[in-house]
Amino acid sequence: MRAILKDIITGALNDAIAEGLLKSTVDLSVILERPKRDKFGDFSTNLAMLLTKSEGRAPRMIAEDLIKGITASDLVERCEVAGPGFINIFLKRSYWLSTLAEILKKGEGYGNITAGGNKPVQVEFVSANPTGPLHIGHGRGAAVGDALANILKAAGFDVTKEYYINDAGRQVQNLGESIGLRIKELAGEEVEFGDNHYKGDYIIDIAKEYIAVCGTDEATTEDYKNFAIKAMLGRIEKDLVDFGIVFDQWFSERSLCDGDKDQVGATIAELTEKGLAFDKDGAKWMRTTDFGDDKDRVLIKADGERTYFASDIAYHRGKIRRGFTKIINVWGADHHGYEPRIRALFRAFGHDDEMLRVVFIQLVALLRDGEPVAMGKRSGEFVTLRQVMDEVGTDACRFFFLMRKPDAQLDFDLELAKKQASDNPVFYVQYAHARIHSIARLAKEKGIELPDTIDVATLVGLELGEEMALIKHLAAFEDVIEKSAQLMEPHKVTFYIQELAGLYHPYYNRQRVVTDDKAQTIARLLLCRAVAQVIRRGLALLGVSAPESM
RNA sequence: GCGCCAGUAGCUCAGUUGGAUAGAGCAACUGCCUUCUAAGCAGUGGGCCGGGGGUUCGAAUCCCUCCUGGCGCACCA
């Protein structure tokens, strides 16, 4: 739709130039916006104001020369110059009705656009260490990552969702040791835990599982570690599945340094060859400062052990090699200091680091009736995703995680999320959907049949201002998806469907859909169907269900 | 000290290639159920867009500076 309008305006511009009214040949990309006020039209452009410099004339005069060509289009009802030189465009009602017909025709596919050009994109998210259960911070990352993946898919990208498993290195070593200690303890031995050991109850559970499966024979920390990683990942995957998230790929860090195909070693060797790695103080470093980092980074420590960063350069190198043209990492905001070195890696290997996009997830502050849940601002770290999910349900949980832009701290009120009233946004939106289905059921009972083919004539019964407002909002859905994908901000979809529900409820309250006026009833039923369809699709992008009755 | 993110209505937040009178939800107050779900709707009040400079026809938006808050500055992951 936007494209059609741009064509109209560009056409008007060219006409004006051809007639000698304008002289500018500057290639301006036409900026179209949806004005805040109805009286400013369905769309407006500031093109004339942008041309003042090159034309050397007042913007309103330039605008006058442009509106002739715009008005000539048969989609345009009228077109006027306003304010400092805006061109406000009003489209014909028939245009909007045909748009609604189009939306209905596309059905569930409405919302799919081609902006992504089918380019392969990877979204890596959650990637929590398999050393403990997912907490609500991970949950927010999971909700954002998954919604982002859905939105990018709708925007026409070829998306792969990936979880990076940190199954190598110190942390999982600590995990193995922790299990070993608990097993000894269970056997009645006196044990002492170190600061680095995991002491949660889940460790005891896994220790018991180990005994049940493998017996009490002497075993190595390596055995415990491998068992525990598997057990933890099983729990994490279960949490995620129950949260509605299924990954395309689980990528093991360990697989990057498996003996014969040691990609970490190979990547380090390559950096050394390029002169980008050097030895200092008994350690091997990467010269990340050459690529914008504020200090160089250690790859291999003086004790011979590799750093996490060493694995990560091999991992990201691999992402590029796997052919992804856009690489998205969803990280906790506390990792933002890590971004420059990863960016450095892209540039070190001659890639445009623009292909990397890191989405940072801010903390979640859990509240109950407005009061902080646990002491301390990091309460989110101590509450598991499972607890919250079980308490408020996955729908409310996911919706709440997506109500704010990822990089803004989020207040999550558990009582509000459970509340079945209009001040709970998730219920507000779902309720609009359920109401429409309720009407549809009534219509069906009354034997009202909807036509198979829908055109403008079918919809002429829609003539109220609030009906046009609904249609125009429906028509904006694809723009929202494009923008949301482009900026990697799923909350735009959340806001959009809240607005849509906010337009629908008053309409429902004021107007009756099923009446004795057959033609009007059918038109209104179709409008309702379109609203339900878009709400359902929007909720689906967020990973939230759309119940047909509540 | 340096870096990143933020500061918009009482609260939580939208507002992103600079646009017209800065928006929404909640909370508060006042109304609305013989009618498709009142789990809803209508109305009212509410703002030096953190402060100060600058850029220009125009700034919440861009630049500089200061203040405040969060986070990060490992041979941890």
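Just so we're on the same page: letters track the sequence lines, and every chain starts at 1. FYI, side chains are in, hydrogens and waters are out, and symmetry mates aren't considered; it's all heavy atoms of this structure.
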Query - Touch class at under 4.0 angstrom, heavy-atom based, for Q362(A) against every strand present - result: nothing

Report task. Whole angstrom is fine here: how far is it from CG in D334(A) over to P in rG70(B)? Result -> 15 Å

**Report entry** Base-pairing mate for rC41(B) - Watson-Crick or G-U, with both contacts under 3.5 Å
**Finding:** rG31(B)

Query raised in the report: In whole Å, what separates the P atom of rA27(B) from that of rC41(B)?
Result: 12 Å

Query raised in the report: So what does A432(A) touch, heavy atoms closer than 4.0 Å: a base, only the sugar-phosphate, or nothing?
Result: nothing

**Report entry** F40(A) ring center within less than 6.0 Å of F86(A) ring center
**Finding:** no

Query raised in the report: Can you check the K405(A) NZ to rG70(B) C1' distance for me, whole Å?
Result: 15 Å

Requested in this report: Round to a whole Å and report the spacing from OH of Y431(A) to P of rG25(B).
Outcome: 18 Å

Requested in this report: Could you tell me whether Y508(A) contacts a base, only the sugar-phosphate backbone, or nothing, with contacts defined as non-hydrogen atoms closer than 4.0 Å?
Outcome: base

Query - Verify stack between F86(A) ring and rA20(B) base, 5.5 Å, 30 degrees - result: yes

Report task. Report the relative orientation of the aromatic rings in H336(A) and F360(A); use parallel for angles under 30°, tilted for 30 to 60°, perpendicular for over 60°. Result -> perpendicular

Report task. Determine the interplanar angle of the F193(A) and H197(A) rings, folded into 0 to 90°, and report it as parallel if under 30°, tilted if 30 to 60°, perpendicular if over 60°. Result -> perpendicular

Query raised in the report: Does F401(A) have R140(A) sitting over its ring (NZ/CZ under 6.0 Å from centre, angle to axis within 45°)?
Result: no

Query - Atom pair distance, as rounded to whole Å: CG in D407(A) and C1' in rA14(B) - result: 15 Å

